[in-house]
Amino acid sequence: MTSRIKFGTAVMTLPGRSPAVLAKELASLDVLSGGRLLPAFGLGQRHAGEQQAFGVRREERASIFEEALPLLRRFWAEDEVTHDGPRFRYEALRVLPKPAARGFDVWMGGTSEPELRRTGRS
């Protein structure tokens, strides 16, 4: 019915996910949709059940997010990514396919003051 409307997920919890696997999954959806994916990320709810599901303590989520989001963008834009950070290590990793436009807009969600500042920076 349309070829211009973008689609996306609800705000996805980024901490607790593999940046390389997520980059590939989202890029694949973007290619299949003709470049119309609009992902949204956040730290996750403060619900204890959700924290168990992702296996990441609330206090660790912001630092994981700060490392993972730039990695996602690099995976989508660069041919090979080498990264040696506090949580993730990759050497000359190639993530394919690339998004239709070698990257895309990313929306972020949050309610706390630090989350809103992060959204404004990114």
Side-chain angles (χ1 to χ4, degrees):
M1 298 301 293
T2 181
S3 60
R4 296 183 303 174
I5 292 177
K6 291 194 176 219
F7 76 96
T9 62
V11 176
M12 296 172 54
T13 301
L14 185 53
R17 299 177 191 270
S18 163
V21 173
L22 185 59
K24 179 176 180 54
E25 292 169 342
L26 294 176
S28 296
L29 285 172
D30 187 63
V31 169
L32 290 170
S33 71
R36 297 185 298 146
L37 181 66
L38 181 60
F41 301 118
L43 295 181
Q45 298 177 8
R46 297 173 195 258
H47 186 270
E50 182 193 73
Q51 291 178 12
Q52 291 177 37
F54 283 91
V56 178
R57 291 187 358 245
R58 182 78 188 172
E59 304 80 41
E60 299 173 326
R61 288 183 178 203
S63 63
I64 295 170
F65 189 99
E66 294 288 341
E67 184 179 359
L69 184 59
L71 269 171
L72 287 173
R73 289 183 169 144
R74 289 184 63 203
F75 287 137
W76 294 326
E78 299 175 19
D79 290 330
E80 289 184 348
V81 172
T82 296
H83 175 82
D84 186 11
R87 303 226 186 255
F88 306 107
R89 288 174 182 76
Y90 303 106
E91 187 169 330
L93 183 63
R94 298 177 64 104
V95 174
L96 296 171
K98 297 293 183 200
R102 291 290 253 200
F104 31 62
D105 294 331
V106 173
W107 285 12
M108 286 183 266
T111 56
S112 72
E113 190 169 321
E115 290 169 326
L116 295 174
R117 275 197 306 275
R118 183 179 306 106
T119 300
R121 276 196 323 266
S122 300

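Note: hydrogens, waters and symmetry copies are ignored here, and every other heavy atom, side chains too, is used.
For residues 66-102, the set of pairs meeting the ring-ring contact (aromatic ring centres under 6.0 Å, His included) definition, not counting sequence neighbours, comprises Phe75-Tyr90, Trp76-Phe104.
For Leu32, there are no side chain to side chain contact (heavy atoms under 4.5 Å, CB included) partners, not counting sequence neighbours. The side chain to side chain donor-acceptor pair (under 3.5 Å) check on Glu59 picks up Arg57, with sequence neighbours excluded. Applying the side chain to side chain donor-acceptor pair (under 3.5 Å) criterion to Arg36, with sequence neighbours excluded, gives no partner residue. Take Glu25 and apply the salt bridge (charged side-chain N to carboxylate O under 4.0 Å, His left out) test, not counting sequence neighbours, and it matches no residue. Under the side chain to side chain donor-acceptor pair (under 3.5 Å) criterion, Arg4 pairs with no residue at all, not counting sequence neighbours.
The closest donor-acceptor contact from the side chain of Arg61 to the backbone of Leu43 lies under 3.5 Å. Within the 3.5 Å criterion, the main-chain N or O of Pro39 finds no donor-acceptor partner in the side chain of Thr9. Proximity of a side-chain donor or acceptor of Arg74 to a complementary backbone N or O of Thr82 within less than 3.5 Å is detected.
Note that CD of Glu78 is 12.0 Å distant from CZ of Arg94, once rounded to the nearest 0.5 Å. Here Asp79 contributes atom CG and Lys98 contributes atom NZ; the two are 6.0 Å apart, rounded to the nearest 0.5 Å.
Considering all non-hydrogen atoms of both residues, Asp30 and Ala101 come closest at OD2-N, 4.4 Å. Taking both residues in full, the closest heavy atoms of Ala92 and Glu80 are given as CB-OE1, 3.6 Å, listed atom of the first, atom of the second, then distance. Nearest heavy atoms, Gly34 versus Ala100: C-CB, 4.5 Å. In this structure, Pro97 and Ser28 approach most closely via the heavy-atom pair CD-OG, 3.4 Å. Of all heavy-atom pairs spanning Leu22 and Met12, the tightest one is CD1-CE, 3.4 Å.
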Derivation of the side chain to side chain contact (heavy atoms under 4.5 Å, CB included) call for Val81 and Val95: CA-CA 8 Å; Val81 172; Val95 174; over 6 Å; no

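Placement of Leu26 and Leu69 within a single hydrophobic cluster is found when ILVMFWY residues are connected by side-chain heavy-atom separations under 4.5 Å, directly or transitively. The hydrophobic clustering, which links ILVMFWY residues whose side-chain heavy atoms are closer than 4.5 Å, places Leu29 and Val106 together.
At least one side-chain heavy atom of Leu37 sits less than 4.5 Å from a side-chain heavy atom of Phe7. A heavy-atom distance below 4.5 Å is found between the side chains of Ser63 and Arg87. Annotation: side chain of Ile64 is not in contact with side chain of Leu14 (no heavy-atom distance under 4.5 Å).
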